[in-house]
Amino acid sequence: MVVTRFAPSPTGYLHIGGLRTALFNWLWARKNSGKFLLRIEDTDLSRNSEDAMKAILEAFDWVGLNYDEEPIYQSKRFDIYKKYIDKLLQEGKAYKCYMSKEELDKLREEQIARGERPRYDRRYRDFKGTPPAGVKPVIRIKAPLDGVIEFEDGIKGKIKIDASEVDDFIIARSDGSPTYNFVVAIDDYLMGLTDVIRGDDHLYNTPKQLVVYNALGFKPPKFYHVPLIHNEKGKKLSKRDGALDVMEYKKEGFLPEALINFLVRLGWSHGDQEIFSIDELLELFDPKDINKSASSYNLDKLLWLNAHYIKNSSNERLVKLLKDFGVDLEESDKIDEILEATKSKAKTLKDLAAEIKKILTEPKEYDKKAIKKAFKGEAKELLEEFLEELKRAKPKTKEEYHNILQDFVAKKEIGFGKIGQPLRVALIGNLSGPGLDEAMYIIGLDEVERRVEKVLEEIE
RNA sequence: GGCCCCUUCAUCUAGCGGUCCAGGAUGCAAGGUUUUCAUCCUUGUCACAGGGGUUCGAGUCCCCUAGGGGUCACCA
């Protein structure tokens, strides 16, 4: 049985890098009919994990990720960690260190001044004397003094790190609270994890966690360190990089399946395939196909994917989605016409809403260049004549509008643009937009006449 | 700086020693369809970081150099 997890720290919202990691874990668990667990890494009590959890679940819900069992909060498990700390202490695998923060800082400074790598000098590792008064000790774990710590990474292959790189790191602070690398190892083991897929930035934590596994006699899971997503500047995505909050994408009019498809293709691939449904991913995903190198966030591709998914969405769904963007088509009897006229122009739902409003609402102003371009020569007279034609024929269907236009062009022996351009400016205010027959049909005869009359006044 | 990881078009990537004068996608450009715009279709543009090996043969294996990234807390 495959058991994976997503273990964010409570930073307030789920960002897209985190979502990708979660997605990889989720896919792998689901593909293998395993379990996908959630855990909040809130050993640092100053952060609000309730709100963070809410934000994460909101995002999960939007993109369609679910999880098994109850989420685990590390802040509620201190007694468990305490037990293991005592055990290590008793077995002599961990020890109390009475070095104060100030002393440590001083040591570090000296080491840096000497050009050495700053690290704890293990001075209390075998300390037998009487401890200094008034110092609350931290607990440090005994890391191996020599040799190499190695493990097989599911993505990068064999990773070897010299034991000298891992010092006797702190597993419990002077206030008794346990630290990250210690609790991660314990929980990953206790939760029965078989596969840990996490960001590359955790690569260095793995040997430390292995020290814990080793001291406790736990069997470690398989690790996969996925390369990070870089921003446009080639650096690790950080909070300063703008739209990182997953929910921000919802607000901007992205479809969850577009985001998922985009994210999964950042680092993972399956031959030349670009478009993946969730079902396909569930079929095809394997962490062994994840790239070794970092990838950059590229908005153009996301936009393209989003446009693709919008074009392929049912009108029924779009109507529902559009409500969040100020367009309510629920009562309209021309839903299909409206959407077919606008769908292909939109990269986001926001765009789509704007396109629709462009047709549905009378133009507030006319694009100056468009006016100039459209109303050259006899354009005004032609438009006036066309208006008369409309009033006379009273078209009702899209086909009738189409025929009126065609007949008019034929009768006057003009190119379509001669009437098309001024008409379009009259209807939507500029030169690009939906087909005129469908636009007029959607707008309705009375309103079409009004808009035409209005533009005619405007150019007096 | 130490250590670790990485390096194919601008970007995401295929490639797992010969079928690659390197394929797909996005972007960009041109053309076609069209009632403008968009869609769609076609074509084009653009890359194996550099240098050494190994091999009959290297984008693919090894080494070095360069570049990029990550990480070095009583944060997670």
Side-chain angles (χ1 to χ4, degrees), chain A residues 7-11 40-44 46-47 74 97 99-101 104-105 108 112 115-120 136-140 153 155-157 159-162 164-167 169-181 183-184 199-207 225 227-228 230 232 234-236 262 265-275 291-305 307 311 341-347 351 355 370 374 402 405-406 409 415-417 419-421 423-425 428 430-439:
Chain A
S9 54
T11 51
I40 299 285
E41 318 246 283
D42 56 353
T43 51
D44 181 1
S46 57
R47 295 174 181 175
Q74 292 186 321
C97 168
M99 199 170 177
S100 69
K101 189 95 175 65
L104 229 195
D105 288 343
R108 251 196 280 273
I112 292 170
E116 291 171 19
R117 183 182 163 228
R119 61 203 252 240
Y120 177 62
K136 277 188 168 177
V138 298
I139 315 283
R140 290 180 179 273
D153 186 275
I155 292 169
K156 297 180 187 285
I159 304 287
K160 290 183 186 174
I161 287 167
D162 202 279
S164 65
E165 293 297 318
V166 180
D167 63 4
F169 60 95
I170 293 172
I171 58 174
R173 304 181 182 92
S174 46
D175 66 0
S177 64
T179 59
Y180 174 75
N181 281 117
V183 298
V184 165
D200 216 348
D201 49 345
H202 284 286
L203 194 68
Y204 241 91
N205 289 322
T206 308
H225 289 96
L228 302 175
H230 286 167
E232 275 94 348
K235 301 267 197 241
K236 172 179 169 179
F262 172 69
R265 280 287 286 104
L266 242 37
W268 177 85
S269 62
H270 183 258
D272 284 341
Q273 191 170 345
E274 295 288 346
I275 306 290
N291 260 196
K292 286 180 171 183
S293 52
S295 45
S296 296
Y297 176 87
N298 173 228
L299 187 64
D300 282 333
K301 194 116 180 202
L302 208 209
L303 251 12
W304 172 74
L305 279 164
K311 277 184 289 246
T342 51
K343 248 185 191 179
S344 67
K345 299 180 206 301
K347 288 196 190 296
D351 292 348
E355 283 298 325
H402 182 82
L405 272 169
Q406 295 305 333
V409 167
F416 193 91
I419 182 65
Q421 291 200 333
L423 218 206
R424 184 168 278 111
V425 171
I428 60 169
N430 61 45
L431 291 174
S432 63
L436 291 167
D437 42 10
E438 54 190 353

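Atoms considered below: every heavy atom in the structure, side chains included; atoms not considered: hydrogens, waters and symmetry mates. The chains referred to below are lettered A, B, ... by the order of the sequence lines, with proteins before strands, and numbering in each begins at 1.
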Sugar-phosphate only, base, or nothing, as touched by Asp175(A) at under 4.0 Å among non-hydrogen atoms: nothing
Of the listed nucleotides A76(B), G70(B), U13(B), the one nearest the side chain of Ser269(A): U13(B)
Sugar-phosphate only, base, or nothing, as touched by Pro227(A) at under 4.0 Å among non-hydrogen atoms: nothing
Sugar-phosphate, base or nothing in reach of Asn291(A), heavy atoms under 4.0 Å: sugar-phosphate
Residue His202(A), side-chain heavy atoms: nucleotide from C74(B), C5(B), A76(B) that is nearest: A76(B)
Donor-acceptor pair present, Ser9(A) side chain and A76(B) base, under 3.5 Å: no
Sugar-phosphate only, base, or nothing, as touched by Lys343(A) at under 4.0 Å among non-hydrogen atoms: nothing
Asn291(A) side-chain N/O to Ser293(A) backbone N/O, donor-acceptor pair under 3.5 Å: no
Separation of A14(B) P from Trp268(A) CH2 (nearest whole Å): 11 Å
Rounded distance in Å - CG (Asp200(A)) to C1' (G70(B)): 6 Å
Phosphate contact (C3(B) OP1 or OP2) by Ser164(A) side-chain N/O below 4.0 Å: no
Sugar-phosphate only, base, or nothing, as touched by Leu302(A) at under 4.0 Å among non-hydrogen atoms: nothing
Presence of Ser296(A) side-chain N/O under 4.0 Å of C12(B) phosphate oxygens OP1/OP2: yes
Nucleotide of C6(B), A76(B), C74(B) approaching Lys156(A) most closely (side-chain heavy atoms): C6(B)
Any donor-acceptor N/O pair, Arg265(A) side chain to His270(A) backbone, under 3.5 Å: no
Donor-acceptor pair present, Asn205(A) side chain and A76(B) base, under 3.5 Å: yes
Under 3.5 Å side-chain donor-acceptor pair for Asp175(A) and Ser177(A): yes
Residue-phosphate contact under 4.0 Å: Ser295(A) side-chain N/O, U11(B) OP1/OP2: no
Cationic N near anionic O, under 4.0 Å, Asp200(A) to Lys156(A): yes
Any Lys236(A) side-chain nitrogen or oxygen under 4.0 Å from OP1 or OP2 of U71(B): yes
Any Thr179(A) side-chain nitrogen or oxygen under 4.0 Å from OP1 or OP2 of C74(B): no
Sugar-phosphate only, base, or nothing, as touched by Gly271(A) at under 4.0 Å among non-hydrogen atoms: sugar-phosphate
Sugar-phosphate, base or nothing in reach of Leu431(A), heavy atoms under 4.0 Å: base
Nucleotide U13(B), atom P - distance to CZ of Phe262(A) in whole Å: 10 Å
N/O (side chain, Lys160(A)) to phosphate O (OP1/OP2, C4(B)) under 4.0 Å: no
Lys301(A) side chain, from C-beta outward: closest of U26(B), U7(B), C3(B): U26(B)
Separation of the P atoms in C46(B) and G24(B), to the nearest angstrom: 14 Å
Value in whole Å for how far the P atom of A73(B) lies from OH of Tyr180(A): 15 Å
Presence of Arg108(A) side-chain N/O under 4.0 Å of C74(B) phosphate oxygens OP1/OP2: yes
Touch class at under 4.0 angstrom, heavy-atom based, for Lys292(A) against every strand present: sugar-phosphate
Sugar-phosphate only, base, or nothing, as touched by Leu436(A) at under 4.0 Å among non-hydrogen atoms: base
Min side-chain heavy-atom separation His225(A)-Thr206(A) under 4.5 Å: yes
Contact nearer the 5' end of RNA chain B, comparing Trp304(A) with Ala346(A): Trp304(A)
Whole angstrom value for the distance that separates P of G27(B) from CD of Glu274(A): 11 Å
Sugar-phosphate, base or nothing in reach of Asn430(A), heavy atoms under 4.0 Å: nothing
Nearest-nucleotide 5' precedence on RNA chain B, Arg424(A) against Gly267(A): Gly267(A)
Gap between atoms CG and P, on Asp201(A) and G70(B) respectively (whole Å): 9 Å
His270(A) NE2 to G23(B) C1', straight-line distance once rounded to whole Å: 16 Å
Gap between atoms CD1 and P, on Ile161(A) and C4(B) respectively (whole Å): 8 Å
